[in-house]
Amino acid sequence: MSTTHLTAGFLPLLDSVLLVLAREKGFAEAEGLDLTLVRETSWANIRDRAALGHFDVAQMLAPMPLAASLNLTPLATEMIAPVVCGLGNNAITVSTELWTAMADHGAPQDLAAGPSGAALARVVASSQRKLRFGVVHQTSSHNYELRYWLAASGIRPDRDIEIVVLPPSLLPDALGGGGLDGYCVGEPWNSIGVASKGAHMVTTKAAIWQSSPDKVIGMRASWAEQNPELVASIIRASYRTGQWCADPANLVETAQIMAGAAYLDASPEIVARALSGQFDIGAGEIQHVPDFFIAHASAANFPWKSHALWYYSQMVRWGEVAYRASDAAIAAACFRPDLYRAALAPLGANVPILDSKTDGTHATTYEIAGTAGPLVMGADRFFDGQSFDPAALERYITDQTPN
């Protein structure tokens, strides 16, 4: 079988799993793709090398195609995302010193976002200095979910607390060296901070916003238009990879592959924490975190336009861009459910028939219409009880907590 060579950029994070296993388990080859993976050190490198055409496709931060398409990047170019790399996978981790102060102010051991945020607010109010938190990139889900959590907890980002950008792999060392008080990052870097720097996890992305996206497989829109069959092959390989990864019987093998030196370069035990949701959150305290990372269930790989619009709302909220209906349309167009649906039609896969949905409106599992019958979706609550309706985007932005 002849294959077409593709180069894909990725960062050493658990949710590079779709690209890694597509190569390692043969799902890419089965779709006629000879997939070469290039490990990068920062999201800025991923952003710029994708824009320059060094990568055909890349693991990207979910808001990154939006930022590139809205001319918010140094090498602005229209980008699209036809696949989501899964739901969840982030956490917020703090130093031993900050955790001790938060615990003294009532922070719980159960990772609940509301009580943890309230405890941090009390610490911030009494602190003699401004605390500093790290995120992996400005236009990242990490930055927006950290800011959302802080603001809903009564902490004003940038005024009450400093937020800086560092590559994921440098965050544990920055915390251990005293340069940071906390950070928001994907696995395995929370668990590595706990294991090597005495850090403590205080809440998770799944607790802040249930069933929410984090990374995507992105590409230049011009490349996608010129190579529609390759895009469809990437989508199908990703779908089959997600199915395989979601099978609990494959957890150990997934952890072993992802732990390899070419990928996460971490112990399989640490990698397995995010896959199983069984975490040492600090000082030997074990917590089970349901749905910490969802590889495939709940339409986890489907690129909802409404999710793109939520990220756009945060770009507006935090002053990166002024609201314009035309920009909202550009943002929504970056996520491509039409390509996802068309690529999977030959497989008879059951995928959502709609392009958008509300979030924050379901406290338990619920069903939506799929192309082959009902689809079960996971709870999608925001921890502060708010909801997001993409049909009321401008009002949602207006009603956001003032920063």
Side-chain angles (χ1 to χ4, degrees), residues 14 86-126 131 133 141-142 144-155 161 171-172 175 181-195 197-212 214 248 251 269-294 297-298 359-360 362-365 378-387:
L14 180 71
L87 305 175
N89 189 47
N90 286 349
I92 297 173
T93 295
V94 301
S95 66
T96 301
E97 180 183 7
L98 180 51
W99 168 248
T100 299
M102 289 178 63
D104 289 344
H105 284 84
Q109 285 277 14
D110 62 2
L111 302 177
S116 294
L120 179 60
R122 289 189 283 270
V123 173
V124 168
S126 62
L131 300 179
F133 275 65
S141 51
H142 315 68
Y144 300 136
E145 71 202 42
L146 175 65
R147 287 171 177 271
Y148 188 97
W149 178 63
L150 294 172
S153 300
I155 303 167
I161 202 166
L171 290 170
L175 188 79
D181 298 290
Y183 55 74
C184 181
V185 72
E187 279 295 283
W189 302 107
N190 298 285
S191 291
I192 288 174
V194 170
K197 306 299 178 183
H200 201 288
M201 291 170 59
V202 295
T203 194
T204 66
K205 180 178 180 65
I208 295 169
W209 176 18
Q210 295 175 296
S211 304
S212 56
D214 190 49
L251 187 151
E269 291 77 17
I270 279 184
V271 177
R273 292 179 186 180
L275 293 169
S276 66
Q278 197 75 11
F279 286 93
D280 177 353
I281 65 171
E285 177 71 23
I286 305 299
Q287 286 285 333
H288 178 63
V289 186
D291 296 335
F292 178 85
F293 174 61
I294 303 171
S298 299
D359 273 86
H362 303 95
T364 60
T365 57
D380 58 19
R381 291 175 301 178
F382 292 91
F383 85 98
D384 59 350
Q386 297 298 308
S387 61

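The distance from atom NE2 of His288 to atom CZ of Phe279, rounded to the nearest 0.5 Å, is 10.0 Å. With values rounded to the nearest 0.5 angstrom, His142 atom NE2 is found 9.0 Å from Leu171 atom CG. Ile281 contributes atom CD1, which lies 11.5 Å from atom CZ of Arg273 (distance to the nearest 0.5 angstrom). Interatomic distance, CD1 of Ile92 versus OG of Ser116, reported as 9.0 Å (0.5 Å rounding). Taken from CD1 in Ile286 to CG in Asp280, the straight-line distance is 4.5 Å, to the nearest 0.5 Å. For the atom pair CE of Met102 and CG of Leu120, the computed distance is 5.0 Å after rounding to the nearest 0.5 Å.
Among all heavy-atom pairs drawn from Trp189 and Tyr183, the shortest one is O-OH, 2.8 Å. Closest of all the heavy-atom pairs between Ala274 and Phe293 is O-CB, 4.0 Å. Contact record, Ser211 with Ile294: OG-CD1, 4.4 Å, taken as the closest heavy-atom pair. The two atoms that bring Thr365 and Gly378 nearest to each other are CG2-CA, 4.3 Å, heavy atoms only. Nearest heavy atoms, Ala379 versus Ala363: CB-O, 3.5 Å. Nearest heavy-atom pair across Ala107 and Ala119 is N-CB, 3.5 Å.
A donor atom on one side chain and an acceptor atom on the other are found under 3.5 Å apart for Asp384 and Tyr148. Between the side chains of Asn190 and Thr93, a donor-acceptor pair is found at a separation under 3.5 Å. For the 3.5 Å distance criterion, the side chains of Asn90 and Asp214 qualify, holding a donor opposite an acceptor.
The stretch residues 203-212 participates, sequence neighbours left out, in these salt bridge (Lys or Arg N to Asp or Glu O under 4.0 Å) pairs: Glu145-Lys205.
A donor-acceptor distance shorter than 3.5 angstrom exists from the side chain of Gln287 to the backbone of Gln109, with no hydrogens or angles considered. At distances below 3.5 Å, not a single donor-acceptor pair connects side-chain atoms of Ser153 with backbone N or O atoms of Ile155. A side-chain donor-acceptor contact under 3.5 Å links Ser126 to the backbone of Val123. Proximity of a side-chain donor or acceptor of Trp149 to a complementary backbone N or O of Ala113 within less than 3.5 Å is detected. Remark: side-chain polar atoms of Arg381 are not paired, donor with acceptor, to backbone N or O of Gly360 under 3.5 angstrom. Between the side chain of Ser95 and the backbone N or O of Leu175 there is no donor-acceptor pair closer than 3.5 Å. Side chain of Glu187 to backbone of Ser191: a donor-acceptor contact under 3.5 angstrom is found. Under a 3.5 Å cut-off, the side chain of Thr203 and the backbone N or O of Leu111 do form a donor-acceptor pair.
Side-chain contact between Leu131 and Leu98: present, with at least one pair of heavy atoms (C-beta onward) separated by less than 4.5 Å. Here the side chains of Thr100 and Thr96 are in contact, with some heavy-atom distance below 4.5 Å.
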Ile208/Thr204 under side chain to side chain contact (heavy atoms under 4.5 Å, CB included): CA gap, chis, key distance, verdict: CA-CA 6 Å; Ile208 295 169; Thr204 66; over 6 Å; no

Step-by-step side chain to side chain contact (heavy atoms under 4.5 Å, CB included) determination, Asp359 to Ser387: CA-CA 6 Å; Asp359 273 86; Ser387 61; over 6 Å; no

Verdict with reasoning, His200 to Val194, per side chain to side chain contact (heavy atoms under 4.5 Å, CB included): CA-CA 6 Å; His200 201 288; Val194 170; 5.8 Å; no

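Residue Gln278 qualifies as enclosed at atom CD: its count of foreign heavy atoms under 6.0 Å is above 12.
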